[in-house]
Chemist: 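The structure is given below, and queries will be raised subsequently.
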There are 2 protein chains.
Amino acid sequence: MTSTLGYALLGLLAREPATGYDLARMLRRPVGYFWSAGHSQIYPELARLEGAGLVRHTVVEGAGPRATKRYRVTALGRRDVRAWLLATTAEVDEREVLLRVYLLFVLSPAEAVGVVEAIRGHHRSTLQHYRGIALDDSPQDWGPDLVERATLRWGIAFEEGRLAWCDDLLTTITGLVPPAARP
Amino acid sequence: MTSTLGYALLGLLAREPATGYDLARMLRRPVGYFWSAGHSQIYPELARLEGAGLVRHTVVEGAGPRATKRYRVTALGRRDVRAWLLATTAEVDEREVLLRVYLLFVLSPAEAVGVVEAIRGHHRSTLQHYRGIALDDSPQDWGPDLVERATLRWGIAFEEGRLAWCDDLLTTITGLVPPAARP
DNA sequence: ATCACCATGTAAGCTGTTACATGATTAA
DNA sequence: TTAATCATGTAACAGCTTACATGGTGAT
């Protein structure tokens, strides 16, 4: 029943406890580059998450006419984000993929590799699908067909870029040597 | 007052007249790859566009318990999409950029070049902004910083890819020789 | 003094998704 | 006969944006 925004908040709180205001700032920059939300969406969502036992707050000293609430994620909330990240279901959109990657730190490197491989697989099949769309590539006059081919070319370039990025990320994660095994 | 969906419908009808059902099909594939909509959104929007004098319909023969309506765009509607495409205002999202490019055929090649150059400029500055975000690139353990850098790298790769695509598209359009000038 | 930042909340409106509702024709 | 395609509409709900509302502290 948790929305994507809910998982975003849970994940951000897994980094460190924060106020709603802090979260709103993060959801402008840097998280807002791929997943944004205004404070009017955040405060009610935090209340909802607390009602579900996924976060808890303590009142702290602060400026303003109302109480300043510092939220932190509960064990239940942590399990919830983890389950969301591990459930590689349907096609997810661009923005959500970036959010998922941003929150991968709540998983182990091995688990993260599985998620990235699933993302990679999805892009691999989308790319193959796009390549299968045959648009005659003969020299073309100005018109609907020309711009349609431009969008298809973008789709192909996008998926290729994403595949390369996934490979890069997999290499980075796989290349990590656990501290105990280092010389 | 027209929504993005409204412009999408207007643009599609500028290609050729269509029924709401036809439009719904296009907004699944191929338009749906970047801008999708269900029929429950399309029918009310067509009614709204007709109320604003941007489209007109004629009843044609067809299967089904209700009248089959074939819509076509009016001169006013055509002006509306054109104005939308030419108004290069704020940052637009990925999906909308693709929609705009898909509908560029309603403009002249020279006008289209202006639009693509504006898109290019936006991506150029976003790329520069991303490159200005200094994240220390030292060898990193598993954690929030590592995945954050991964998302930034994606942003940079994305903008670079988009720039190259814009250049490609500009070359294609600029390379078009008007029919009258061909040997 | 005025502005920016801290800090929280509600309400109205628009967009988009999913479900409800109807019914004819054609192909497997 | 069962499913897919054609064909149109409404209703309920979820998500997001914009505006309303309040007020303290610190810097210019």
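Letters A, B, ... mirror the listed sequences (proteins, then strands); counts begin at 1.
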Chemist: For the residue pair B/R162 and A/W154, would you count it as a cation-pi contact if the rule is NZ or CZ under 6.0 angstrom from the ring centre and within 45 degrees of the ring axis?
Modeler: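 Satisfied, under 6.0 Å and within 45°.
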Chemist: Look at atom CZ of B/R78 and say whether more than 12 heavy atoms of other residues, nucleotides or ligands are closer to it than 6.0 Å.
Modeler: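 Open: at most 12 neighbouring heavy atoms sit under 6.0 Å from CZ of B/R78.
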Chemist: Any cation-pi pair here, B/R100 with B/W84, using under 6.0 Å and within 45°?
Modeler: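 Ring-cation test returns yes.
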Chemist: Between C/dG16 atom P and B/L99 atom CG, what is the distance in whole Å?
Modeler: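 Between P of C/dG16 and CG of B/L99: 11 Å.
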Chemist: May I ask you to check whether B/D22 and B/T19 show a side-chain donor-acceptor distance below 3.5 Å?
Modeler: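 Judged by distance alone, the side chains do pair up.
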Chemist: Mind checking whether B/L54 and B/F105 sit in one hydrophobic cluster, side chains of I, L, V, M, F, W, Y counted as touching below 4.5 Å?
Modeler: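 The answer is yes; both residues are in one hydrophobic cluster.
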Chemist: May I have the distance from B/D93 (atom CG) to C/dG16 (atom C1'), rounded to whole angstrom?
Modeler: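 It is 14 Å, rounded to the nearest whole Å.
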Chemist: Contact list please: residues 49-60 of chain A against DNA chain C, heavy atoms, distance less than 4.0 Å, in numerical order.
Modeler: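 Under 4.0 Å from DNA chain C: no residue of residues 49-60 of chain A.
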Chemist: Expressed as a whole number of angstroms, how long is the span from B/E45:CD to D/dT8:C1'?
Modeler: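 Result: 16 Å.
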Chemist: Rounded to whole angstroms, how far apart are CD on A/E96 and P on C/dG16?
Modeler: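 Going from CD in A/E96 over to P in C/dG16 covers 17 Å.
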Chemist: Please tell me which of A/R95 and B/R70 maps to the more 5' nucleotide of DNA chain D, matching each residue to the nucleotide holding its nearest heavy atom.
Modeler: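 With A/R95 and B/R70 compared, the 5'-side residue is B/R70.
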Chemist: With sequence neighbours left out, what residues match B/S108 under side chain to side chain donor-acceptor pair (under 3.5 Å)?
Modeler: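 Side chain to side chain donor-acceptor pair (under 3.5 Å) check on B/S108 returns B/E111.
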Chemist: Atom CG of A/L46 and atom C1' of C/dG9: how far apart are they, to the nearest Å?
Modeler: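 So the two atoms are 12 Å apart, to the nearest Å.
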Chemist: What nucleotide among D/dG15, D/dA7, C/dG9 has an atom nearest to a side-chain atom of A/S3?
Modeler: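 Of D/dG15, D/dA7, C/dG9, D/dG15 is nearest to the side chain of A/S3.
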Chemist: Can you see which heavy atom on A/V55 is nearest to which on A/L13, and at what distance?
Modeler: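 That closest heavy-atom pairing would be CG1-CD1, 3.7 Å.
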Chemist: May I have the distance from A/R28 (atom CZ) to C/dA7 (atom C1'), rounded to whole angstrom?
Modeler: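 It is 12 Å, rounded to the nearest whole Å.
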Chemist: May I have the distance from B/Y7 (atom OH) to C/dT15 (atom P), rounded to whole angstrom?
Modeler: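 B/Y7 atom OH is separated from C/dT15 atom P by 11 Å.
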Chemist: Quickly work out the A/L23 CG to C/dA7 C1' distance and round it to whole Å.
Modeler: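 About 12 Å, once rounded to whole Å.
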Chemist: Mind running a 4.0 Å heavy-atom check of residues 10-20 of chain B against DNA chain D and sending the residues that fall below it, in number order?
Modeler: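 Those residues whose heavy atoms fall under 4.0 Å from DNA chain D, taken from residues 10-20 of chain B in numerical order, are B/T19, B/G20.
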Chemist: Using every non-hydrogen atom in the two residues, find where A/L5 and A/W35 come nearest and quote the distance to one decimal.
Modeler: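 Answer, listing the atom of A/L5 first, then A/W35: CA-NE1, 4.1 Å.
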Chemist: Thinking salt bridges, do B/R124 and B/E160 make one under a 4.0 Å N-O criterion?
Modeler: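 B/E160 and B/R124: not salt-bridged.
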Chemist: What residues in residues 31-43 of chain A put a non-hydrogen atom under 4.0 Å from any atom of DNA chain D?
Modeler: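 A/W35, A/S40, A/Q41, in order of number.
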Chemist: Please say whether more than 12 non-hydrogen atoms of neighbouring residues, nucleotides or ligands are located less than 6.0 Å from CZ in A/R15.
Modeler: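 Enclosed: over 12 neighbouring heavy atoms sit under 6.0 Å from CZ of A/R15.
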Chemist: Salt-bridge test for A/R120 and A/E117: reply yes if a basic N is under 4.0 Å from a carboxylate O, no otherwise.
Modeler: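 Salt bridge flag = no for A/E117 with A/R120.
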Chemist: A/L49 and A/L10: which non-hydrogen atoms are nearest, and at how many Å?
Modeler: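 A/L49 and A/L10 have their closest heavy atoms at CD1-CD1, 3.9 Å.
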Chemist: For B/E159, enumerate each residue passing the salt bridge (charged side-chain N to carboxylate O under 4.0 Å, His left out) test, keeping only those at least two apart in sequence or located in another chain.
Modeler: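 Not a single residue meets the salt bridge (charged side-chain N to carboxylate O under 4.0 Å, His left out) criterion with B/E159.
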Chemist: Would you say the ring centroid of B/Y33 lies under 6.0 angstrom from that of A/H129?
Modeler: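 Close enough - the centres of the two rings lie under 6.0 Å apart.
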Chemist: For the helix from C/dA1-D/dT28 to C/dA28-D/dT1, what is the angle between the axes at its two ends, each from 5 pairs, rounded to 10°?
Modeler: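 Here the helix ends are tilted 30° relative to one another.
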